[in-house]
Amino acid sequence: MVSIFKLEHIVKHYGGTLALDDVSLSITAGTSVALIGSSGSGKSTLLKVMLGLVATDGGTAQFENTVIAPQQSLALRQQMGYVIQEGGLFPHLTVSENIALMAEHLDWPKEKIRARLSELFALTRLPEHFAGRYPKELSGGQRQRVGLMRALMLRPKVLLLDEPLGALDPIIRADLQHDLKEIFQSLGATVVLVTHDISEAAFLAETLVLLHEGRIVQHGSLAELVRSPASPFVTRFVNAQRSPLESLQSPQSTI
Amino acid sequence: MYKKIKKILLALAVLVAAMLHSAVPSAAQVVKIGSKKFTESVILGEVASGLVRSAGHQAVHQKEIGGTTILWNALLEGDIDLYPEYTGTLMAEIFAGRNIKSDAELQAVLLEKGIKMLRPLGFNNTYALGIKDSVAARLGIKTISDLKQHARLRLGLSNEFLSRKDGWPGLKDRYELPQTSVQGLDHDLAYRGLESNAIDVIDLYSTDAEIAYYHLRILTDDLNYFPRYDAVLLVRADLEKKSPQAFAALEKMSGQMTEEKMVKMNAASKLRRVPENQIAAEFLAETFGIKQAAAPEETMVARLWQNTKDHLSLVAVSLLAAIAVSIPLGVWAAKSKRAGGVILGAVGVIQTVPSLALLVVLIPVAGIGALPAMLALFLYSLLPMVRNTATGITTISPALTQSAAALGLPPAAKLWRIELPMALPQILAGVKTSAVINVGTATLGALVGAGGYGQPILTGIRLDDTSLILQGAVPAAVLALAVQALFGAAEKVLVSKGL
């Protein structure tokens, strides 16, 4: 059990508001973790602390025993893949330019880049003829696949995803969820995922970390959260997201 | 893509350096003569040039460069060796407040500044007020004092006269003139205004050729307000040592001119369109027996080509230098809020300085000719490009800048590969704006002797010659359109299709 991320007593303020309030979390290499919670709970901020994108106001964050500090974390970030909503693609670069941006910057040989691109197109099930297109010529789901490829290009040790499926319609979302799960399993990399959708979290990650007002409320599997909630909030959060089938069983709820 | 941009920038830098080098003329031993932008001054400049050449020296005549301030400063700085001036202007304008009464005193003051005033040329070209003879007869106006009885008369005064201490403000006080309709306008256009009855009274020079032509009456200066304006040559004292023969030749001009001769020469130029160099050649032949082969008149095509070359080099050098400075400044302004405030404030203030004032201010630094014009154009080009570069970068969405940072892209690579290419449409729009403004403003360069399309416009206004004005105005407009089209094409090539 080697922990790849080790966060201890992390505190982060944004102006007057406390975004993270004494958060400690250790993530084991090769596992998948979902950070869940409502908006403003601090889950995205926690992910950015892991990337070294935001400076903390207290506590220590380590990646493989190296302290993560925003000023010196360029090399660390290159070992992490980061995916955001809509992919965060650069509009002026084509699909392949977006994906290969860092590899080119690191002077990878052209052959190596080409081979890696082919692998990734196959892995994410995007036809290779999309390589020359610009982001504005892609659908939301396609952009998300490109964003994922860009994150995976340098074979990162960890994959950090911030609401990766947030802006997609339900059917495309379901397709991508399945594809993501397969990709995670085939890579065997460490995955940290931020989502507010508890069923998506349970489907994609082994462990759930529930945050509320900048604190970790509970850490465990979905079953543990349901059977032995640490606080009434956990039950409220779990029950807040109904499946559509529930409404069928109780038609009176529609009045 | 960004390697391509780097290459282009490098090429531009080399080009700017090369053009700047060619724009600075080599300092050979030639006598440089200046003249103001009215016909009499140009003719006197031509006569002086002829005398210098007759002494075996080379002479360069920087024709019609602006007004008194520009020429006086150019003389002090040694950008020109001599120019024709008037004693009244020296006493009342250049040395206003020193209360100089006599030519001897004036000579002493000038010598302190290293300037020699040669003996008067022989005519007095004083300021005067003129009115149409028919109007004057109808209203019974003979003297300036008579104007007091006719408060409704409209005055059209040259801009210089309006602001000079020995001009309108003093005149109005001395005669207690009641007129309220007072317009500033170019002296050469004033005659047209009078002819078309848009104005009733104008200021004029007593040797103007138009006085007889337009049947004007000169109002008697019954309170002796206007000082004498004896024409003189102002020559840098060091010319006497540098080229004694040239200096001696110039001294021959003293006392050789009369008001009558001067009016005739002015008329030959303004009314009969005889080129000034020909008028001067005739005078030199008659007075001194100096025979010169009159320089062949330039063809229109040759002149257009020369003006185009001058204009293009003004625009190209100033614009390229401004691009090289503005884009880094814009990036800096985008990256640091504090620097941004200072930078945008500074380039904004430069933009508000009137162009003529900026040109005059630059003369002590850059002399006359292409250099001050290029400097002024360079300064005016900064604001649109700096501002557009800064906004182009600051308006990139935070999600994308964060994406770039999360990838682990170092700041320099982030700038070259993400920020500049994404801001490129805005940057190019700024360059285009600057270029178009630049093409138009460069016509003012003629005022400091920089040539370009402003030259025929200036001469055309002076000689009241519309076709000459169009020879400058039309190509300037065409060039502005061409520049616009060029940048449209550049945008297609350089900007990513994904934007």
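Throughout, protein chains are lettered first and strands after them, A, B, ... in sequence-line order, and every chain is numbered starting at 1. Basis for what follows: all heavy atoms, side chains included, without hydrogens, waters or symmetry-related copies.
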Student check: side-chain heavy atoms of [X] and [Y] closer than 4.5 Å:
X: A:Met102; Y: B:Leu409; value: yes
X: B:Arg417; Y: A:Glu104; value: yes
X: B:Pro421; Y: A:Leu93; value: no

Practice problem: Give, for atom CE of B:Met422 and atom CZ of A:Phe90, the distance between the pair rounded to the nearest 0.5 Å. | Solution: 8.0 Å
Quiz item: For the atom pair OG1 (B:Thr401) and CG (A:Leu53), what is the distance rounded to the nearest 0.5 Å?
Solution: 10.0 Å
Counting only non-hydrogen atoms closer than 4.5 Å, does [X] touch chain B with its backbone (N, CA, C, O), its side chain (CB onward), both, or neither?
X: A:Glu137; answer: neither
X: A:Pro135; answer: neither
X: A:Leu154; answer: neither

Show the nearest heavy-atom pair for residues [X] and [Y], with the distance to one decimal.
X: A:Leu74; Y: B:Pro411; answer: CD1-CD, 4.5 Å
X: A:Arg77; Y: B:Ala405; answer: NH1-O, 2.7 Å
X: A:Pro91; Y: B:Ser496; answer: O-OG, 4.4 Å
X: A:Gly88; Y: B:Leu400; answer: O-CD2, 3.5 Å

Exercise. Output, in order, the C-alpha distance, side-chain angles, deciding distance and verdict of side-chain contact (heavy atoms from CB on, under 4.5 Å) for B:Ile418 and A:His92.
Key: CA-CA 8 Å; B:Ile418 310 296; A:His92 63 294; 4.3 Å; yes
Has [X] got more than 12 heavy atoms of other residues, nucleotides or ligands less than 6.0 Å from its [atom1]?
X: B:Trp332; atom1: CH2; result: no
X: A:Lys6; atom1: NZ; result: no
X: A:Asn65; atom1: CG; result: no

Exercise. Name the member of B:Ala406, B:Ala404, B:Ser397, B:Ser403 that forms the most heavy-atom pairs with chain A at distances under 4.5 Å.
Key: B:Ala406
Quiz item: For the candidates A:Met80, A:Arg133, A:Arg150, A:Gln79, which exhibits the highest count of non-hydrogen atom pairs separated by less than 4.5 Å from chain B?
Solution: A:Arg150
Practice problem: Look at A:Thr94, A:Leu101, A:Leu51 and state which one has the largest set of heavy-atom pairs under 4.5 Å with chain B. | Solution: A:Leu101
